[in-house]
Number of protein chains: 4
Amino acid sequence: MHSEIRSANQPKPSFIETARRAQIIDCAVEVIAELGFAQASLAQIAKRAGVSTGVILYYFAGKDDLIREVGVHVFTTGRSSIEPLVQQQLDARSALRTFIEASVAYIAANPKKVLAIMNILRAGRSDGGTLKIDPTVYQPRQIGFRNILEWGQRDGEFRTFSVAVMVETIVEALDAIPSQLAADPSLDLDAYAKELVELFDRATRADTPVQELRVR
Amino acid sequence: MHSEIRSANQPKPSFIETARRAQIIDCAVEVIAELGFAQASLAQIAKRAGVSTGVILYYFAGKDDLIREVGVHVFTTGRSSIEPLVQQQLDARSALRTFIEASVAYIAANPKKVLAIMNILRAGRSDGGTLKIDPTVYQPRQIGFRNILEWGQRDGEFRTFSVAVMVETIVEALDAIPSQLAADPSLDLDAYAKELVELFDRATRADTPVQELRVR
Amino acid sequence: MHSEIRSANQPKPSFIETARRAQIIDCAVEVIAELGFAQASLAQIAKRAGVSTGVILYYFAGKDDLIREVGVHVFTTGRSSIEPLVQQQLDARSALRTFIEASVAYIAANPKKVLAIMNILRAGRSDGGTLKIDPTVYQPRQIGFRNILEWGQRDGEFRTFSVAVMVETIVEALDAIPSQLAADPSLDLDAYAKELVELFDRATRADTPVQELRVR
Amino acid sequence: MHSEIRSANQPKPSFIETARRAQIIDCAVEVIAELGFAQASLAQIAKRAGVSTGVILYYFAGKDDLIREVGVHVFTTGRSSIEPLVQQQLDARSALRTFIEASVAYIAANPKKVLAIMNILRAGRSDGGTLKIDPTVYQPRQIGFRNILEWGQRDGEFRTFSVAVMVETIVEALDAIPSQLAADPSLDLDAYAKELVELFDRATRADTPVQELRVR
DNA sequence: TATGAATGAGTATTCATTCAT
DNA sequence: CATGAATGAATACTCATTCAT
């Protein structure tokens, strides 16, 4: 019945199971966002969900499994709200701008989810040294940025730079937002997005055509 | 015996005490860097140091005290190796470049120390909600960057942008390095520094005088 | 699950919970009575109960909570076995006699419980300076004696004396019994009670009517 | 050099040793009186004395030994200030009154010492089940009261009663004072003594000659 | 499905004591 | 004489996990 076993023989999760899993993931997100990853015990999460800790372990193979699924959930929903917008863009520069804007918008719309993820990712490794969230879950974002940057470099929109460094810098700039927002909920995220767009537009664009970035 | 008490009445820590404290701090750094903050129990640190956990609590008032001193140690040595170089610079642009280069150089020279600090800072808050490392210890860096950016804006070297956002982005770009280096020890940090310098030079500089940044 | 939380939302403790709590309280009483409060670690109590220490902390919020509940348990049962008898008395002199007799009888019937309580109360304060058992739990006894003494003084049965001093002396005379009984289990408590009744009857009664105390 | 060894071969404790032992005993008294026995660690006592814990263990065979000597010290000085006064009395009734008064006076003059002793005696037994203070140290007081009571009964001054019960009651009445005094330092001990004298005079005296107790 | 009960390993911390210097 | 260093056992407590019901 645990997720691994499930995927093998039980193709159809019941309605109640789906609901329970979603509920538990939501509660885990809240607790991790509010108390931090270290304080987020199964007992706390269960308490928030109004169930016993046994329920969590009935639906998830263990704490690690739950955390992993929290990661999958947040990154999946994030991706689905960002990717379509980016794919509409016709040039790399617009795509980069859109990616940043959509990312910040997603943070603004889901501050707890994103904060929870950051708390998890930044809490370091698990006991065995493995990461708490599988790279395949969070790397698509890096890959997305990488593709855009390489696209822009191919098309001559972007200057020559290390794509790896630029990706890392962009991603970290975005990842720094959730905790700032938690510390100061009045933070103006629209303005923040505009600053980041301008910052990375200047950081990436090719020199010669000093074409101005159109404000939307 | 413990640091707080010490500073009041006992001006001269013995040689052996100084050595032990340094040794324990070093071992704490290693364990935190290698296993992550959550796995860094006193037992682990003591094991690494080849002493009993009692020894740690003999020299430090508690785990919190040890962690705090790790923070002080790393930030103090970091600052002393960076600040003098930055202060020699005559214009904001050079100061920013130097600050970034010196920061990366410090990471290259002390990868474990910096990784440990990142693991601590990113592990979130303690039980009581207080930070594990006092802001007065790590904020001088932010203030340093802020001063440089404001200086450049005043002097017209830098364009208009949100200093807060830029500082955060720069700092996060630097803070992302230690874990990358841990994952790939062959990472070329000189090149990484050059990329960041170029990136933030373009992100900050004023438009008109398209003066090229001299490569050192 | 823990007592405080329980009283708020969970009106029906399960049978097994009630039994376990009672069992743990009993074992705590035994250990505290036999080894003294200082030696009564959770490990000792758990060992006596044949469970792991975790079980104790599953049913009680902590050691302090357990100790507090031991106090409540003993004082509550003690009070319920003493108070009704006292309240039947029509004059203060009989009430005082009955109170003393019933108190000794309760000690005779529950030597370990009372010894445990004495060990707790006399072990001094907790770390924070707070008492280990709430005054509201053990002060009703003092108040009971006080009321009787004041009643007798009002009615002229008792002479003039400091009620506070007399209460303290009576209570201490009773509290001295459990440890004497532990040291010498053959102690004749009926005789002891008669002695105390006579002692405090003479100590309290008014001078003029040299009316003899009727032996019951 | 430890006390047991000492008594065998070193008949003359040096001046410095005598002073150190006295100093440590005094500090132990203070700490035990102020913090309670449970909180009175060797470290606390050493801190109060301004020495290292090693010093304590140099002059005393262990913590138990120190505690024992605290007991000896307080009971010895107490006895020497009480016994001479009692021995001057020519009748048992006066002796009893004097014993009580002198005991309270000693408490008034040495509240910390007596409170410390009470904290020790009431903290229960040591690890091995042995008492923390040897009975030969504190029983002379009981014997003193016993002798007086038997004397009075032989001479017809006192009525017939259980000497054991009366002794215990008197002693407990006195032992209850130090903690009351600590809780309320403004407690009027002269009045308290008068109350106890009157209380036990009435409790003990023979019926027929209703001779009034002369107020001194 | 879900609960409540129980465990056992792991946490930081305290403390009396030993010992080399 | 005295210190400071170090230990090891014991402390209360947390938590993920197991399991019978």
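Sequence lines set the chain letters: A, B, ... in the order given, protein chains first and strands last, and positions in each chain run from 1. Values in this document were obtained by computation on a predicted structure and should not be read as measured data.
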A.B. asks: Check each residue of residues 34-42 of chain B for a non-hydrogen atom within less than 4.0 Å of any atom in DNA chain E, then write out the ones that pass by number, or none.
C.D. replies: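 Contacts with DNA chain E under 4.0 Å: Ser41(B), Leu42(B).
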A.B. asks: Watson-Crick or G-U wobble partner for dA12(E), using a 3.5 Å limit on both distances?
C.D. replies: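 Its partner is dT11(F).
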A.B. asks: To the nearest Å, how far apart are Phe60(A) CZ and dA2(E) C1'?
C.D. replies: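 Taking atom C1' of dA2(E) as the reference, CZ of Phe60(A) is at 15 Å.
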A.B. asks: Nearest 0.5 Å please: distance from the CD1 atom of Ile56(A) over to the CD1 atom of Ile25(A).
C.D. replies: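 The distance works out to 11.0 Å.
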A.B. asks: Tell me, do Ile24(C) and Glu69(C) make a side-chain contact under 4.5 Å, heavy atoms counted?
C.D. replies: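 A side-chain contact under 4.5 Å is absent here.
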A.B. asks: Under 3.5 Å for both donor-acceptor distances, Watson-Crick or wobble: does dT21(F) have a partner, and if so which one?
C.D. replies: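 By the stated definition (distances under 3.5 Å), dA2(E) pairs with dT21(F).
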A.B. asks: Compare side-chain N and O positions of Arg20(D) against OP1 and OP2 of dA2(F) and report whether any pair is under 4.0 Å apart.
C.D. replies: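 True: Arg20(D) side-chain N/O within range (under 4.0 Å) of dA2(F) OP1/OP2.
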A.B. asks: Can you find a heavy atom in the side chain of Leu42(D) that is under 4.5 Å from one in the side chain of Leu66(D)?
C.D. replies: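 When only atoms from C-beta onward are counted, Leu66(D) and Leu42(D) do touch, with a gap below 4.5 Å.
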A.B. asks: With a cut-off of less than 4.0 Å, is there a side-chain N or O of Thr53(B) near OP1 or OP2 of dA6(F)?
C.D. replies: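 The answer is no; no side-chain N or O of Thr53(B) sits under 4.0 Å from OP1 or OP2.
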A.B. asks: Measure CG/Leu66(D) against P/dA16(E) and give the value in whole Å, please.
C.D. replies: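 Leu66(D) atom CG is separated from dA16(E) atom P by 10 Å.
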A.B. asks: State, yes or no, whether a side-chain contact exists between His73(D) and Asp26(D) at a heavy-atom distance under 4.5 Å.
C.D. replies: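 A side-chain contact under 4.5 Å exists here.
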A.B. asks: Between Ile45(C) (CD1) and dA10(F) (C1'), how many Å, whole number?
C.D. replies: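 The answer, rounded to whole Å, is 15 Å.
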A.B. asks: Between Val55(C) and Lys63(B), just flag the one whose closest nucleotide in DNA chain E comes earlier from the 5' side.
C.D. replies: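 In this pair, the answer is Val55(C).
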A.B. asks: Looking only at side-chain N and O atoms, does Tyr59(D) come under 4.0 Å of OP1 or OP2 in dC1(F)?
C.D. replies: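 No, outside the criterion.
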A.B. asks: Do Lys132(D) and Tyr138(D) form a cation-pi contact, if we require the NZ or CZ to be under 6.0 Å from the six-membered ring centre and within 45 degrees of the ring's axis?
C.D. replies: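 Lys132(D) over Tyr138(D) ring: no.
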A.B. asks: Using atom CG of Leu57(B) as one end and atom C1' of dA5(F) as the other, report the distance to the nearest whole Å.
C.D. replies: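 My rounded result for the distance is 14 Å.
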A.B. asks: Using a 3.5 Å distance criterion without hydrogens, assess whether the side chain of Asp65(D) forms a donor-acceptor pair with backbone atoms of Phe60(D).
C.D. replies: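 Here the side-chain-to-backbone pair does not exist.
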A.B. asks: Can you measure Lys47(B) atom NZ to dT11(E) atom P for me and round it to whole angstrom units?
C.D. replies: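 From Lys47(B) NZ to dT11(E) P: 11 Å.
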A.B. asks: Would one find a side-chain N or O of Tyr58(D) under 4.0 angstrom from OP1 or OP2 of dA2(F)?
C.D. replies: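 Looking at the OP1 and OP2 atoms of dA2(F), neither is under 4.0 Å from any side-chain N or O of Tyr58(D).
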A.B. asks: Heavy-atom nearest nucleotide on DNA chain E for Gln44(B) versus Val51(C): which residue maps closer to 5'?
C.D. replies: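 Of the two residues, Val51(C) wins.
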A.B. asks: I want to check something: taking the side chain as every heavy atom from C-beta on, are Glu34(A) and Gln44(A) in contact at a cut-off of under 4.5 Å?
C.D. replies: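 In short, these two side chains do not touch, never coming nearer than 4.5 Å.
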